[in-house]
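Written out below as structure tokens is the structure these notes cover.
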Amino acid sequence: MASTHIMLGVTGSIAAFKACQLVSDWGKRGYETRVAMTAAAQRFVTPLSFASLAHTPVRTAMFPDTADSQDALDAQRLGISHIDDAKWADVLVIAPATADIIAKIAHGIADDYLTSMVLAYEGPKILCPAMNTRMYNNPVTQRNIAACREFGWTIVEPATGRLACQDTGKGKLADLEDIEDAVEQAAESAAASRCGTKTETDQPANDELAGLHVLVTAGPTQEPLDPVRYLTNHSTGKMGYALAQEAQAMGAEVTLVSGPVALDEPDGVHTVHVQTAQEMFDAVHGHFAQADIAIMAAAVGDFRPEHRSEQKIKKAGGVMPPITLVQNPDILAWAGEHKRPDGSQLVCGFAMETQDLLANAQSKLERKHCDMLVANDLNEPGAGFAHDTNRVVILTPDTDKNATAGEDGSTIHAEPQPLMDKRDLAAVILGRLARMRQERLAD
Ligand code: C5P
């Protein structure tokens with residue numbers, strides 16, 4: 001398998017020396033790293049240190065006349081270009097990232113090698129701010145960080161502590177372990193994305209789900225009031241359809257239970273069309289026992305009108321007819337409660353929230369007995385209904401160090417994902433579920 005390519009940008013912070021350790025650690029993991037340094041970074045650490053660890057010349061300048069180090073001259077002699085590096089990298093990391101580079105990225109400035117390469121790069125990207133706490137807290141820096149997030153950067157938040165300048169506060173480069181975890185996740189996503197486009201290349205097919213049955217719900221439900229009116233929501237079904245298509249591409253036999261959407265039925269997928277939540281429940285109920293993985297991506301209506309009028313409800317002299325709502329079955333909760341006891345059946349839910357994303361998602365994961373919960377914030381740019389992209393946090397029950405305590409004291413692992421195409425995200429979710437199932441069965 002090809003090794004993972006990391007492009008590391010180092011900028012002018014006292015924490016630049018810590019980035020040497022990152023390159024060393026990635027080398028031990030079998031990753032290949034290339035390093036680009038800003039002029040200020042070279043004041044803190046010499047390019048030779050990074051070149052020695054990465055076993056390749058460090059990119060330090062765009063033009064021969066501005067190259068003031070042997071490394072830069074070597075790099076130019078080898079014809080290395082910022083575009084080549086941008087195409088080569090699977091993951092781009094800037095650690096440490098100063099207020100200056102963050103401002104430049106937020107505004108698309110490309111005035112040296114690193115910033116030009118950044119602008120030409122299209123994959124997952126991680127920013128690790130490190131600076132004086134006052135500079136970090138300055139609203140303009142915060143606005144620039146928010147802009148970077150919006151442009152798809154994952155931010156590994158700086159730590160709080162005593163800074164080199166003797167101030168105390170937030171601004172220390174994050175723990176290297178946290179940066180390495182974020183890079184590993186991004187590398188996994190990048191690998192999954194490459195798998196997602198395999199059919200367009202000559203790469204062998206990803207058959208991680210071969211022999212498994214995957215059940216997916218998608219789209220909205222419609223709850224009729226009368227023959228012409230219904231209650232529904234804005235779901236387009238894109239995420240669920242992407243999951244069904246991707247699962248089929250990964251070798252699974254797929255049943256898609258779909259509410260009313262304007263999408264074509266995916267090729268090779270058994271699609272069951274339903275209208276109401278009760279019909280969706282009935283279809284899931286009928287297919288659940290055969291499913292090895294069930295993913296509930298539908299935006300199911302929580303309520304339905306108690307009575308469905310046989311005739312169109314008329315305006316009665318301006319008096320509004322009362323509508324009593326009753327609760328629909330919770331399909332995900334039902335599936336969570338009826339999993340095979342041997343752990344061979346995984347249930348994954350989705351949660352779309354407008355506030356307290358993680359707290360709500362954690363409680364949903366536990367309440368509905370999910371093995372995975374994919375949470376997205378409706379307020380995030382590029383996420384949620386109708387978009388072709390999504391930005392989510394993947395929650396799983398876990399006991400490792402990143403876990404946070406849930407409602408009953410159990411631990412939950414939360415992994416924020418970069419902004420991704422829904423099909424790429426589907427590959428990440430399904431890859432995780434396939435591996436989780438394998439590990440469960442191996443235990
Ligand atoms: O509780 P909430 O509706 O936010 O939960 C969202 C998750 O639960 C989604 O995975 C959705 O498909 C599922 N759900 C369901 N049946 C319902 C309501 C939600 O399967 N009646």
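Note that these values count all heavy atoms, side chains included, but never hydrogens, waters or copies made by symmetry. When a ligand or atom number is given, it counts from 1 through the structure's own listing order.
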Exercise. Can a non-hydrogen atom of Ala298 be found less than 4.0 Å from any atom of ligand 1?
Worked result: yes
Exercise. Can you find an N/O atom of Ala351 closer than 3.5 Å to an N/O atom of ligand 1?
Worked result: no
Exercise. Only one of Val269, Thr217, Val272 clears side chain to side chain contact (heavy atoms under 4.5 Å, CB included) with Leu256; which?
Worked result: Val269
Exercise. Is it the side chain (CB and beyond), the backbone, both or neither of Pro329 that lies under 4.0 Å from ligand 1, heavy atoms counted?
Worked result: backbone
For this session: Please check if atom OH in Tyr230 has more than 12 non-hydrogen atoms from other residues, nucleotides or ligands closer than 6.0 Å.
Result: no
Problem set entry | Part of Met352 within contact of ligand 1 (heavy atoms, under 4.0 Å) | neither
Exercise. Within the structure, does Lys364 bring an N/O atom to less than 3.5 angstrom of an N/O atom in ligand 1?
Worked result: yes
For this session: Answer yes or no: does an N/O atom from Gly349 fall short of 3.5 Å to an N/O atom of ligand 1?
Result: no
For this session: Can you establish whether the number of heavy atoms outside Arg435 located under 6.0 Å from its atom CZ is more than 12?
Result: yes
For this session: Over 60° means perpendicular and under 30° means parallel, so classify the ring planes of Trp334 and Phe288, tilted if in between.
Result: perpendicular
Problem set entry | Flag, side chain of Arg340 to backbone of Ala289, donor-acceptor distance under 3.5 Å | yes
For this session: Could you tell me whether ligand 1 has any atom less than 4.0 Å away from a heavy atom of Lys368?
Result: yes
Exercise. Between Asp342 and Ser344, do the side chains contain an N or O donor and an N or O acceptor separated by less than 3.5 Å?
Worked result: yes
Exercise. So, do Ile102 and Met131 sit near enough that their side-chain heavy atoms are less than 4.5 Å apart?
Worked result: yes
Seminar exercise, completed: With heavy atoms and a 4.0 Å threshold, my read on which part of Asn328 contacts ligand 1 is neither
Seminar exercise, completed: The atoms of ligand 1 lying under 4.0 Å from a heavy atom of Met296, numbered in the order shown, are 9 (C), 10 (O), 11 (C), 12 (O)
